[in-house]
Number of protein chains: 2
Amino acid sequence: MATGRTHRPATRSRGIPEATVARLPLYLRALTALSERSVPTVSSEELATAAGVNSAKLRKDFSYLGSYGTRGVGYDVEYLVYQISRELGLTQDWPVVIVGIGNLGAALANYGGFASRGFRVAALIDADPAMAGKPVAGIPVQHTDELEKIIEDNGVSIGVIATPAGAAQQVCDRLVAAGITSILNFAPTVLSVPDGVDVRKVDLSIELQILAFHEQRKAGEESTGHEEGAGAVPQAPVAPHRTTAGGPGADSGRQGPDGDVPAVMPA
Amino acid sequence: MATGRTHRPATRSRGIPEATVARLPLYLRALTALSERSVPTVSSEELATAAGVNSAKLRKDFSYLGSYGTRGVGYDVEYLVYQISRELGLTQDWPVVIVGIGNLGAALANYGGFASRGFRVAALIDADPAMAGKPVAGIPVQHTDELEKIIEDNGVSIGVIATPAGAAQQVCDRLVAAGITSILNFAPTVLSVPDGVDVRKVDLSIELQILAFHEQRKAGEESTGHEEGAGAVPQAPVAPHRTTAGGPGADSGRQGPDGDVPAVMPA
DNA sequence: CCATGTGAACGGTTTCACAGCC
DNA sequence: GGCTGTGAAACCGTTCACATGG
């Protein structure tokens, strides 16, 4: 009974840990900023601060890429920018299609961060015939009927789904069938894809819910605080970017150990 | 350096692991769907499939909340919906302000997922005087000058930043000074906030870059051999949905700085 | 000396496998 | 029998601390 064990660690090719990969774009941006200011070198400490991580982690991350630094000195900015870009595959051009040109899709199409990082919006696709031909961010929207052709003609391998939840899986299936192997999903749905296809999801409401969880906890912790937050520290200088105070402290105060709570049962 | 971290005693008895918290919204969504279809109970296996995780993980996650299931049967859908909602703090109403009403801000304002989860857009704020008064998603945009007043009057504790990178830290400082203690940041900047303030970041460009990394890897792999089956498995029906390979695990957006977001604003 | 690079310790997360209960 | 709940093991990621080498 294949326990679905066929999955490989995703981080297969014995190489860079997934967690490190996820931080490379972060370092890259900090480095790009330094590069623009013509800063020649940075220490792990400085770069870490700029990227919002700690220096030990940064050095460990870089150690997976190779020994690109100079002991006693630091890292050469330009060199690192190149190395990381190459590692991420950003030295090549990635055509991307965005499906679902609603508010979000339009925002994404207008997003400048794409082009500046090796991504190129090859096409905007929407199911609404009325949208066809209308230019969004300077690119004419095409109808869903053209999806397969667009992907083939442009050799697109990355697709962005910004459709309503109901259409997401269907769009996903077509994208995959057409040859897409990486998908960025903004629709609040779990997409089913065959092995070999990568899916990353961005869910706005989930992020808010996680914040709400911590917010609730803070409130409960502050006794019966009424006017909380009145004394927020102004924070002028770039203080230790310890954004989230060491994560959720997990006080024990809330909720009894055993089932409590009014049992709201299904009617 | 100032090691003055406000380290909490660490997870004691009732502390729910961060990784679990991050998945609760996922379960909640799947459960809500089941609830709407009037499904009375689900097994961990079914629910896990619907949420895109494996059942062992799901059961472990639920075990942190309490013993809400029935052995040999499964979980009562309605009851679980309630329990998770309560745990996440969604049984109360969370007023939210969105700052920066460009393309993205407008998209967020129009996003239905907020309202359906206990979040209420209390106000839309933008620095452009020309925007003032204009309704977006039925809510009139207010000028930044009103920021502090709006937050106080509405008792807002969660803020969403969708401004250009350059304005983000400044807006953040004002939000925090006004009493905001949780921030969802879409701007590509590392925000500095005082202890006690939670920041989560959503970054579009980073997600794409991570996809590019894996995409590049797939391409390179194919030339050396096909044994890895880079191609999609010919599975028409819903295959094992491993939604996100290495996806935004536990901390997709936790204070991790960096991001390149669509901050489309009045330049 | 200085800051990198890294083995080793540590802590959190996932998976396993089975005991417990319906 | 079926499925939950959970110790224990395996795994992964982070942090520590120091050897290494410019």
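All heavy atoms count here, side chains included; hydrogens, waters and symmetry mates do not. We name chains A, B, ... by the order of the sequence lines, and we start the count at 1 in each one.
Within the structure, every side-chain polar atom (N or O) of Asn54(B) is placed at least 4.0 Å from both OP1 and OP2 of dT14(C). Between Ser44(B) and dT4(D) there is a side-chain polar atom (N or O) within less than 4.0 angstrom of OP1 or OP2. The phosphate of dC16(D) has neither OP1 nor OP2 within less than 4.0 Å of any side-chain N or O from Arg59(A).
Tyr75(B) comes within contact range of the sugar-phosphate backbone alone, with a heavy-atom separation under 4.0 Å but no base atom that close.
In this structure, the side chain to side chain donor-acceptor pair (under 3.5 Å) partners of Ser43(B), at least two apart in sequence or on a different chain, are Glu46(B). For the ring-ring contact (aromatic ring centres under 6.0 Å, His included) test, residues two or more places apart in sequence or in another chain that qualify with Tyr68(A) are Tyr79(A). The side chain to side chain contact (heavy atoms under 4.5 Å, CB included) search around Ala33(A) returns none, not counting sequence neighbours. With sequence neighbours left out, Tyr82(A) forms a ring-ring contact (aromatic ring centres under 6.0 Å, His included) with no residue at all. Scored by the side chain to side chain donor-acceptor pair (under 3.5 Å) test, Asp61(B) finds Thr20(B), Arg23(B), Tyr27(B) as partners (sequence neighbours excluded). When the side chain to side chain contact (heavy atoms under 4.5 Å, CB included) test is applied to Thr32(B), the partners found at least two apart in sequence or on another chain are Leu28(B), Glu36(B), Arg117(B). Ser35(A) meets the side chain to side chain contact (heavy atoms under 4.5 Å, CB included) test with Val77(A), Glu78(A); sequence neighbours excluded.
Between Thr70(B) and Ser43(A), the residue anchored closer to the 5' end of DNA chain C is Ser43(A), taking for each the nucleotide with the nearest heavy atom. Comparing Glu45(B) and Ala56(A) by the nucleotide of DNA chain D that holds the closest heavy atom to each, the one mapping nearer the 5' end is Glu45(B).
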Each nucleotide N or O in nucleotides 19-21 of chain D that has a protein N or O under 3.5 Å away: list the pair and distance.
residue	atom	partner	partner atom	Å
dT20(D)	O2	Arg71(A)	NH1	2.2

Interface polar pairs with nucleotides 7-11 of chain D, N/O, under 3.5 angstrom:
residue	atom	partner	partner atom	Å
dG7(D)	N7	Lys60(B)	NZ	3.2

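Separating the OH atom of Tyr68(B) from the P atom of dT6(D) is a distance of 12 Å, rounded to the nearest angstrom. Here dT13(C) presents its C1' atom at 10 Å from CG of Asp61(B), a figure rounded to the nearest Å. As rounded to whole Å, 10 Å separates atom P of dT4(D) from atom CZ of Phe62(B).
Using modelled atom types, one finds a donor on one side chain and an acceptor on the other under 3.5 Å when comparing Thr181(A) with Glu215(B).
Between Thr41(A) and Leu34(A) there is no side-chain heavy-atom pair separated by less than 4.5 Å.
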